[in-house]
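Take a look at the structure below.
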Amino acid sequence: MSIPLVIDTDTAQDDCIAILAGLLTAEADLRAITMVAGNVGFDRQVRNAFLTLNVADKLGQVPMYLGSRRPLVRPWVSAENVHGDGAGGLDMDFDGCEPQPEHAVDALLRLAEEADGELSVVAIGPLTNIALAVAKKPEFAQQVKHLVIMGGSNNDRGNITAAAEFNFYVDPEAAKIVFDAGFRITVVPWAPLTLRQAVFGRDTLDEIAGIDTPLARFFTRVCSSTLEFDESVGIPGTTHPDSLSVAVLLRPELITRSARYNVDIETGSELTRGYAAMSWGVHGLTPNATVVEEIDAPAFRQFLLGMLSLPTTPPREFR
Ligand SMILES: [Ca+2]
């Protein structure tokens, strides 16, 4: 069965791998890539997404729409200290690589309408575009079949501050709007889930380096700067929450434990800005999201390694 989806992304590092999962998994029907301000400079993110389309030999096959270039209320905060340019210095000739003229928010609304209740959205950057879409048209929340969100930590540590995970920190107001809007939401949190079960250590990275395909070489290259950063902060490998978010939509059997939570986002405090309060059902709050607590990690690893083994012929040479 094919699953129509849009990936809303701040394309750098694992976002690229998440897009690959959307492009190359048999059951995925990737209708669009929508760009939002996040990890690295906006135009750099656009280039990273085109690099990704190229390595999958899908240039010109999946439309890209540009969305919000800044968060709703606050100045943009980058994660360039983590990701560098987000593509390990990879470059190519971008001549003719043009995003669509339609704004990402309008594209999201139109695609949801056209899919007649079947469109899923995987949001792996700050939630600015999704919040703007639901502000423009509140029924969008009901028209989207399933919204998978990468963000927050489940009563655990943050990554950009002690309290907050990057995506929610960058645009907490947007995240708050989205969790209040009535979507059917699944959350893939940073901690503990990603840190426990979606980190690729040196052994896995060596195995990937041994896969002699353009996709595997691309993976190694785009994940290189993040690996250095991760190891410097005590994370033993590269982190893959974004590709996991696409994977759990396409292969829900990867989720071995989840629970209903009420998720709300801190917008008032500077100290805990973007903190996701995930209430696990004993505080009298109505659940608004399913939070993934545990996955079949070997199966997820196999999902990505199998994908990276696929032969592709990138039409443009990387440099
Ligand atoms: Ca991301």
Side-chain angles (χ1 to χ4, degrees), residues 5-23 30 32-53 64-71 76-88 104 108 120-131 147-153 158-160 164-172 174-175 178 185-191 193-195 198-200 218-219 222-227 229-230 235 238-249 265 274 276 292 304:
L5 77 150
V6 171
I7 299 180
D8 188 69
T9 165
D10 55 342
T11 314
Q13 199 250 340
D14 193 43
D15 289 78
C16 300
I17 313 308
I19 292 171
L20 287 180
L23 292 169
L30 184 61
I33 295 165
T34 53
M35 195 60 64
V36 67
N39 281 325
V40 300
F42 194 88
D43 296 323
R44 183 66 241 175
Q45 294 179 165
V46 173
R47 290 187 157 213
N48 293 345
F50 279 120
L51 291 168
T52 308
L53 288 165
M64 191 188 311
Y65 301 90
L66 307 190
S68 188
R69 288 177 172 270
R70 50 159 290 182
W76 170 60
V77 181
S78 95
E80 281 159 327
N81 63 319
V82 180
H83 299 294
D85 67 1
L108 281 162
S120 291
V121 176
V122 184
I124 54 177
L127 290 168
T128 320
N129 287 343
I130 312 301
L147 173 62
V148 181
I149 294 174
M150 190 280 126
S153 285
N159 54 14
I160 187 159
E165 172 282 329
F166 177 79
N167 288 342
F168 292 173
Y169 178 86
V170 171
D171 201 341
V178 170
I185 293 175
T186 295
V187 181
V188 172
W190 170 253
L193 180 73
T194 300
L195 291 179
V199 173
F200 284 1
F218 178 83
F219 178 98
V222 303
C223 293
S224 57
S225 51
T226 313
L227 175 63
F229 175 85
D230 284 344
I235 300 169
T238 58
T239 50
H240 300 283
D242 294 345
S243 42
L244 177 59
S245 300
V246 173
V248 299
L249 175 75
I265 310 299
V292 181
L304 281 194

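Just follow the structure's listing: the first ligand is 1, and inside any ligand the first atom is 1.
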Can you find a pair of side-chain heavy atoms, one from Trp190 and one from Ile160, that are under 4.5 Å apart? no
Is it the case that the side chain of Asn48 and the backbone of Thr11 share a donor-acceptor pair, with hydrogens and angles ignored and the cut-off at 3.5 Å?
yes
Hits for ring pair (Phe, Tyr, Trp, His ring centres under 6.0 Å) against His240, two or more places apart or cross-chain, chain-then-number order -> Phe200, Phe219
Q) Are Asp15 and Asn39 linked by a side-chain donor-acceptor pair shorter than 3.5 Å? A) yes
Within less than 3.0 Å of the Ca ion (ligand 1), the count of protein N, O or S atoms comes to 5
Review point. Do Asp14 and Thr238 have side chains that get closer than 4.5 Å, going by heavy atoms?
Key: no
Notebook entry, point to check: Taking atom types as modelled, is there a side-chain donor on Asn129 or Thr34 under 3.5 Å from an acceptor on the other?
Noted result: no
